[in-house]
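Let me begin by presenting the structure, written as structure tokens, before commenting on it.
So you know, we letter chains A, B, ... as the sequences are listed, proteins then strands, and number each from 1.
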Amino acid sequence: MMNDMKKYNFRVAEKKWQERWEENGAFQVTEDRQKGKYYCLVMFPYPSGKLHMGHVRNYAIGDVIARFYKMLGHNVLNPMGWDAFGLPAENAAIKNRIPPDKWTWGNIDSMREQLQSLGLSYDWTREVATCHPEYYHWTQWLFLHLYHNGLAYKKKQAVNWCPSCSTVLANEQVVAGHCERCEHEVIKKDLEQWFFKITDYADRLLDDLEKLPGWPEKVKSMQENWIGRSQGAEIKFTAENGKGITVFTTRPDTIFGVSYMVLAPENPLVEELIQGKAQANQVREFVAKVRNQSDIERTSVEGEKEGIFTGAYATNPLSGEQVPIWVANYVLMEYGTGAVMGVPAHDQRDLEFARQYNLPVKVVIQPIGDDLGAATMTEAYSEQGIMVNSGMFNGLDSEVARLKISAYIQEQGLGEEKVNYRLRDWLISRQRYWGAPIPIIYCDHCGTVPVPEEELPVLLPENVAFEPGSESPLHTDGFLKTTCPQCGGPAHRETDTMDTFVCSSWYFLRFCSARDKEQAFDKESVQYWMSVDQYIGGVEHAILHLMYSRFITKVLHDHGLVPVDEPFTNLLTQGMVLKDGTKMSKSKGNVVSPEEIIGNYGADTARLFILFAAPPERDLEWSDEAVEGAYRFINRVWRLAQHLLPEIKEAEVLPGDSLALGRAEKDLRRIIHTTIKRVSDDIKIRFNFNTAVSAIMELTNALYHYTEGADRKSPVQNGVLREGVTTLLTLLAPFTPHLAEELWEAIGAEGSVHDQKWPVVDQDALKEDEINIAVQINGKVRDHIQIPVGLKGKELEELVLAQPRVKELLKGKELAKVICVPNKLVNLVVRVHNPEK
RNA sequence: GCGGGAGUGGCGGAAUUGGCAGACGCGCUGGAUUUAGGAUCCAGUGGGUUAUACCAUAAGGGUUCAAAUCCCUUCUCCCGCACCA
């Protein structure tokens, strides 16, 4: 019947509609206050020059959401830009002798073209690139804003240095001791660097996670983990030379169990304590050895704790006991105070250390109904219990004792309650060229001077020379030498640039007024568009980008510049695209190129496959066969529409309730409207695009079945068919925009399918007179019967019991109970009739 | 170790509030059409049986008229953090 038709020419159609949408400015938006806004944002890409399947998935998901909300009548902002600074451009410059800016802009052009070939509904008039002076001007402004508010500072400390990238890295960019970008081992270097004071916001970044019910639990718990808040107390011990040694502990209730103290090897107190001690030189050797170890060596080997006795002792401020002071590799200088009290009975690490070096173990908390043996225990007891060996606190519950001891310490001036965080300040300077220059000037006379706002942007010099292994080209006189804005004397510029994560921590604000030349963002526009209603991206940014963006948003909010204090209301983290069970990568040779797929099957097929193959949060296994399946479906829809053209072109959709519809028409209308409901809910409530697509496929199948057999030519029948086809096309529009638009035109419908209102469910059409329910006996399905909808209680029970098959099965059995679930099933609970013996 | 998530046909995956397990698609089988192949359309497809029965949601136990779904025990896999005191 439909085998003599030509195929859908996706190449012609996709090109035609992409051009037409662009000509019409179909996706440009303004702040239309008459309409409700919807800000849909997909994490902007680094312009590597080549789109990969992960991008396709990312942007296809975003596009469905954007198009869907537009059809629902929202004013949708769906912008795109480029996270365009970064090291690859410099590496390419060295390798190919192309300046970083030229290389980057070339990549942007080719990637934009690839994105456009996917038919994405972006408002390209708002495109931004972080490497454009009109963008980094405002990144520099942001830096100054933080600087003037005391949130940007320069400090010398041991920082992460990647020898391969020749730059420092933030803690967040070091993964298990290796560079996040190039995987080279990271070493520690003492350097003076710029930091953003994100730790000031630690509590709010943590607490406000509760305000984000639209974020995945996983991401929230990762951030919680990363911030690592721990409540405890700082307690001052006194060394024999009179010096105080302050420790941080979360368990002040165990203080009577301290049997030794440990200092971090980097702790400056070590040198003071070993003065004149016999073991001084051995301790120095040990410290030198540990300091030479990389972080990985020092932390990776589990259980291998090493330490050395300093020869000095300290006094426990509560018990008055003298305990030995050790130095050990398991104590970190960067956390807490760089000193720890050793309580082996109640801390696993301390117990391991104590056993290794034969240090005493003293139990001060007994579990209820148990008796710990200090000499024999191999597992520290870190739970709560009853206080023992703890002087005036004996007999108390340890939780009560924790509070009492904290209060006591505070009263006596021995210490104070304290909260510590794992989170460190954000190190933002990079010793690289291709980034936003930090707008700071150093004057011999005036010191550190910020570049005045009116002198921004501090431009990157162009046409710079790149040599392998050389230092940043910003060290040349042309850039370096300047005059002091305060005294006019000779001065030099800061040569470090900013971490690219600074650029991406505010781009969602720039999109609100992307072409603004006067300011970073227009307050009114931000007021209208923010926050982002739906943010979409990979889970690899769970901590880095997402936490930095939250931080910057909170800072700007506090200063009255942004109305919201959280940037992203809802977050969707999409899974990876896999092939043969692993991530696609060049080295594994399992890369499928989007260009090739789009070339062979079209953008609609690529989009449909990727949305149908798995729910968005889960990893997706690439399948060439399933791509064929998506392609087949698209042609199946096209053939259906072509076949029905003569009937439906002139047909009119009649109002549903006024029709004298036949059985088949009623059934079809019910399917049409349940499909609308299913697709709407799947997109809106659950983001399950895979089940949305499957519902659309079922509707397509139903339309095929309806057209089968006898000719249907009456106006009523054609009206229902037209309703079916137009509904199918509008539901398809967010998923396969070109196909939907092409067929929309073909059936002679008005305007663009993308300007249509999302179809509304006709509740009457959903109604059924009769329904098929299951009859169970003892929970097993034994029969199906057709009953009038809504039948329940006694009537239903009688009807079921009258069924011949049911009668048969109940013979010789006693009916104990009947469970009726209206419109679902009836369960007959029976006992085998067993006469008394 | 701590935290998060997952385990369902040959495969990707459905099952929304405890109510007919396996929607939809891939693959496979059969039929129609075709000189033939491909494409297309229709039908079938968890295991088992001639057909019932029966067995099936990682494994085992429990609650319930009824469990993939709730509770307990165990196993496996993925992701994040990991000597943070």
Got a sec? Which of residues 606-614 of chain A come in under 4.0 Å of RNA chain B, heavy atoms?
-> A:F612, A:A613
Separation of atom CD in A:E628 from atom P in B:C28, rounded to whole Å | 12 Å
Select one nucleotide: of B:A15, B:C81, B:G19, the one nearest the side-chain heavy atoms of A:T691.
-> B:A15
B:C78 versus B:C70 - spacing of their C1' atoms, nearest Å = 25 Å
Determine: side-chain N/O of A:N690 to OP1/OP2 of B:G12, distance under 4.0 Å, yes or no.
-> no
Paired with A:R251, the side-chain hydrogen bond (donor to acceptor under 3.5 Å, both in side chains) test is passed by just one of A:T254, A:T249, A:D253, namely A:D253
Considering only B:A85, B:C81, B:G13, which nucleotide approaches the side chain of A:P615 most closely?
-> B:G13
Closest of B:A82, B:G19, B:A85 to the A:V340 side chain is B:A85
cation_pi(A:R636, A:Y704) dist<6.0 Å, angle<=45 | yes
Rounding to a whole Å, what distance do you find between A:Y357:OH and B:C83:C1'?
-> 14 Å
Table of protein N/O atoms under 3.5 Å from nucleotides 61-66 of chain B N/O atoms:
residue, atom, partner, partner atom, Å
B:C65, O2', A:N827, ND2, 3.2
B:C65, O2, A:N827, ND2, 2.7

Inspect the surroundings of CD in A:E210 and state if more than 12 heavy atoms from other residues, nucleotides or ligands are less than 6.0 Å away.
-> no
When the ring planes of A:H541 and A:H545 are compared, do they come out parallel, tilted or perpendicular, using 30° and 60° as the limits?
-> perpendicular
Identify all pairs in which a protein N or O lies below 3.5 Å from an N or O of nucleotides 2-9 of chain B, and state each distance.
none

How close or far is atom P of B:U40 from atom NZ of A:K7, stated in whole angstroms?
-> 7 Å
Between A:R678 and B:C24, is there a side-chain N or O to OP1/OP2 distance below 4.0 Å?
-> no
So which protein N/O to nucleotides 47-56 of chain B N/O distances come out below 3.5 Å?
residue, atom, partner, partner atom, Å
B:C54, OP2, A:R782, NH2, 3.0

Phosphate-side-chain proximity, A:N701 and B:G25, N/O vs OP1/OP2 below 4.0 Å = yes
Would one find a side-chain N or O of A:H705 under 4.0 angstrom from OP1 or OP2 of B:A43?
-> yes
Polar side chain donor-acceptor pair, A:D350 to A:Y330, under 3.5 angstrom = yes
Donor-acceptor side-chain pairing of A:R550 and A:Q223 below 3.5 angstrom = yes
Return the nearest nucleotide to the side chain of A:V331; candidates are B:U40, B:C83, B:A85.
-> B:A85
Distance, rounded to the nearest Å, where A:Q574 contributes CD and B:C79 contributes P | 17 Å
Under the salt bridge (Lys or Arg N to Asp or Glu O under 4.0 Å) criterion, do A:R678 and A:D682 qualify, and how do the steps go?
-> CA-CA 6 Å; A:R678 286 170 68 189; A:D682 280 349; 5.6 Å; no
When we call it a touch if two heavy atoms are under 4.0 Å apart, what does A:P216 touch: a base, just sugar-phosphate, or nothing?
-> nothing
Which part of the nucleic acid, if any, lies within contact of A:S623, taking any heavy atom under 4.0 Å across all strands shown: a base, the sugar-phosphate backbone alone, or nothing?
-> nothing
Under 4.0 Å between a Lys/Arg side-chain N and an Asp/Glu carboxylate O for A:E621 and A:K579?
-> no
Just checking A:E625: base, sugar-phosphate only, or nothing, at a heavy-atom cut-off of under 4.0 Å?
-> sugar-phosphate
With under 30° as parallel and over 60° as perpendicular, where do the rings of A:Y381 and A:H346 fit, or are they tilted in between?
-> perpendicular
Is A:D203 paired with A:R229 through a side-chain N to carboxylate O contact shorter than 4.0 Å?
-> yes
Give a yes/no answer on whether the side chain of A:R636 brings an N or O atom under 4.0 Å of OP1 or OP2 in B:C41.
-> yes
Does the side chain of A:N160 come under 3.5 Å of the side chain of A:K188 through a donor N or O and an acceptor N or O?
-> yes
Show me the side-chain donor-acceptor pairs of residues 608-619 of chain A shorter than 3.5 Å, one per line, residues at least two apart or across chains.
residue, atom, partner, partner atom, Å
A:E617, OE1, A:T573, OG1, 3.2
A:D619, OD1, A:M576, N, 2.8

Neighbour count above 12 (heavy atom, 6.0 Å) for A:E379 CD = no
Pairing annotation in dot-bracket form, given for RNA chain B with Watson-Crick or G-U pairs under 3.5 Å and | for cross-strand partners | (((((((..(((......[....)))((((((.......))))))((......))..(((((..]....))))))))))))....
Is A:K289 salt-bridged to A:E306, cutoff N-O under 4.0 Å?
-> yes
Which whole-number value in Å describes the distance from A:F633 CZ to B:A39 C1'?
-> 18 Å
Any A:R632 side-chain N or O less than 4.0 Å from OP1/OP2 of B:G27 | yes
Base, sugar-phosphate, or nothing: which does A:D619 touch, judged by heavy atoms less than 4.0 Å apart?
-> sugar-phosphate
Where the side chain of A:Y704 is concerned, which of B:G13, B:A15, B:C41 is the nearest nucleotide?
-> B:C41
How about A:I676 and A:T727: do any of their side-chain heavy atoms sit closer than 4.5 Å?
-> yes
